[in-house]
Structure formats: C-alpha cells, structure tokens
Amino acid sequence: VAEHMFAELQSRRPDVPSYAINLVATRISRLLGADLFGQLHGAALVRGRHVLVEAEQMMLHVRAAGDSDSEIFSCNKALLLLALGQPEQANEVLTSLRVIRLRDSAEAYIAVAFARMGRIPEAMAMLDQAEQAFGDTYVLRAAREHIKSGTPFFAIANVLSEDDPVPRIKAALFDLLQM
C-alpha cells in the first residue's frame, strides 16, 4: 500500500524529494523483506537492479535535494548495492557522503561492505570505533551480528519523515515571477 501511495505521489510531483526517497525505501524494504542486510538472487536480483536504475532516474528529477535527503537516499542506495552484491560501490557511495543524522547507520553499512569484500578485521574495528563514537545502537549491533554469524537485520530502509515545503514554495514563486 505504501509503495503504491508513494508511486502515485511521486508520479504527480517528481520534484519532491520525500516522495522519491520514500518510494525507493518502500521498494528496498519489500525486496529485502525481513533482512535489510540480505543479498538478492534470481528474479529478486533482476528486480533490485531495476529499482536501482529507477531510483537514480527519480533523483535526477528531484528539485534541490538537501543534505538530509541526500544522506537518506545514499544510505538506501548503499543497502541496495550491498543486496546486489556490489560492496565496493556501496562503500564508495557511503564514504563520499557527508553524513549528518545517520552516522551510525552509514558506519554499519560500510562495515558490512568491508566484510563482504573479505576485510572482516577492518569491519570489526570500524564497528568498535563507531560504538565508541555513537554508543551501542541497534544498527551497529545488527551489523556486528550479521558479520559474525549472518544474523538477519530486521528493519526497514531509511525514510524521510519531514518535508520542508519552503524550497518548493520559493521555486514556485520564482517560476510565477518568471511568467
């Protein structure tokens, strides 16, 4: 239901970041089901690649995505890349990101990417550092357990819960002024 709702909203207003970001989040959550650190195979892998392409296309049409929007989208994109078996690309997305609110999540996702690249000692050291910096958070614990024993991570993809209408209003007024 959420995917259908966000797809409809996003098709009506492709410039609104929260619609695109939340649509991508619902699609990722549906793909990965009960394990956000899961890996896709078969038909789900093909669908995941399609979701990634669609997500990147949607973000091209978003008007002035802010830092928070970019952060959430990049974290979700990294999750999808991990699921698609592309940990190097997931790491690149996250390390080039200026993370603000989702620092613990980004560190956890990078650690999982390192583990999938065969760099398990580095992944565990990264989690140790992140726990010292951010405390013992759910996502850091889940990443550690996933790396150690393959424990599923029961969560949904990151969503954008606020939508600041001011930039859209300013843009609309500017467009009106130009007319």
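For this chain, numbers begin at 1 and follow the sequence in order. Given the structure is predicted, the values throughout are model-derived calculations rather than measurements.
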How about Arg119: does its CZ atom have over 12 heavy atoms from other parts shown lying under 6.0 Å from it? yes

Measure from the side-chain N and O atoms of [X] to the backbone N and O of [Y], and report whether any donor-acceptor pair falls under 3.5 Å.
X: Asp15; Y: Val62; answer: no
X: Arg116; Y: Leu82; answer: yes
X: Ser74; Y: Val93; answer: no
X: Asn76; Y: Asn158; answer: yes

Nearest heavy-atom neighbours spanning [X] and [Y]:
X: Leu127; Y: Ala108; value: CD2-CA, 4.1 Å
X: Leu97; Y: Glu71; value: CD1-CA, 3.8 Å
X: Leu94; Y: Ala106; value: CD1-O, 3.8 Å
X: Thr26; Y: Ala2; value: CG2-CB, 3.9 Å
X: Met126; Y: Ala111; value: SD-N, 3.7 Å
X: Ala130; Y: Leu140; value: CB-CD2, 3.7 Å

Is the shortest heavy-atom distance from the side chain of [X] to the side chain of [Y] under 4.5 Å?
X: Val139; Y: Leu102; value: no
X: Leu80; Y: Gln89; value: no
X: Met124; Y: Lys148; value: yes
X: Ile21; Y: Met59; value: yes

In terms of hydrophobic clustering (I, L, V, M, F, W, Y; side-chain heavy atoms under 4.5 Å; direct or indirect links), are Phe154 and Val112 co-clustered? yes

Between Arg141 and Asp104, is there a side-chain N and carboxylate O pair less than 4.0 Å apart? no

Could you check whether Glu107 pairs with Arg103 (Lys NZ or Arg NE/NH1/NH2 to Asp/Glu carboxylate O, under 4.0 Å)? no

Do the rings of Tyr109 and Phe37 sit parallel, tilted or perpendicular, given the 30° and 60° boundaries? perpendicular

Side chain to side chain donor-acceptor pair (under 3.5 Å) for His61 and Gln57? Distances and angles first, verdict last. CA-CA 7 Å; His61 300 289; Gln57 288 296 317; 4.7 Å; no

